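The structure displayed is predicted, hence computed values, not measured ones. Computed over heavy atoms, backbone and side chain alike; hydrogens, waters and symmetry mates excluded.
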Amino acid sequence: TSANTASTIVARDGSGNFSAGTITATSTSAQYADLAEKYTTDQEYPIGTVMKVSTHDNYETDAAMLNSIAIGVISAEPAYLMNSDCDGQAIGLKGRVPVRCIGVVQKGQPVYAWEDGLASTTATRGLVGIALESNSDETEKLVECVLKT
């Protein structure tokens, strides 16, 4: 069967896929591109939001602001997720992730924590990453970046 069923032989379905419970194996590649860890947040943030450590006792992180020290970005689909059983959202710490940016971005430019979890190419204390693509749209958009936080 291709279903996750105990004491059965695994067979691929028509698409070449199968499901299983726990698999013990050595991975040589990953479908996604970032290393993430779960942290509690004050609210549910959209993918690409730049995050900082919160000063509040009830949660660990919230949206980065101008001159925040960024710790990472809300991950779309992490390749490796640490503390996956913990509460919170997956925050990409290293690797390639989409980042919510405002203003024109050129490939190779550094992006920095700006306001309300957005990033900008305007230099601040909070380096987030380096843009892997250009985008001339002045409004908010997702830009693929390699994290440098």
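- For the residue pair L132 and C145, the shortest heavy atom distance occurs at CD1-C, 3.8 Å.
- Side-chain atoms of S54 come within 3.5 Å of backbone N or O of H56 as a donor-acceptor pair.
- No more than 12 heavy-atom neighbours from other residues, nucleotides or ligands sit within 6.0 angstrom of CG on D87.
- Side-chain contact check for V99 versus V50: some heavy-atom pair is nearer than 4.5 Å.
- Between T61 and T40 there is no side-chain heavy-atom pair separated by less than 4.5 Å.
- The minimum heavy-atom distance linking K148 with I130 is given by the pair CG-CG1, 3.9 Å.
- Applying the salt bridge (Lys or Arg N to Asp or Glu O under 4.0 Å) test to pairs two or more places apart or on separate chains, those with a residue in residues 37-54 are K52-D62.
- Nearest heavy-atom pair across P98 and V73 is O-CG1, 3.6 Å.
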I'd like a table of donor-acceptor pairs (distance under 3.5 Å, sequence neighbours excluded) in which one partner is a side-chain atom from residues 107-119, with atom names and distances.
residue, atom, partner, partner atom, Å
Q109, OE1, Q106, N, 2.8

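- K141 places a side-chain N or O within donor-acceptor distance of the main-chain N or O of T139, the cut-off being under 3.5 Å.
- Between Y45 and Q89 there is a side-chain heavy-atom pair separated by less than 4.5 Å.
- A donor-acceptor pair is defined here as one N or O able to donate and one able to accept, closer than 3.5 Å; no such pair exists between the side chain of Y80 and the backbone of D34.
- Between V105 and S134 the shortest side-chain heavy-atom distance does not fall below 4.5 Å.
- Between A70 and V128, the closest heavy-atom pair is CB-CG2, 4.0 Å.
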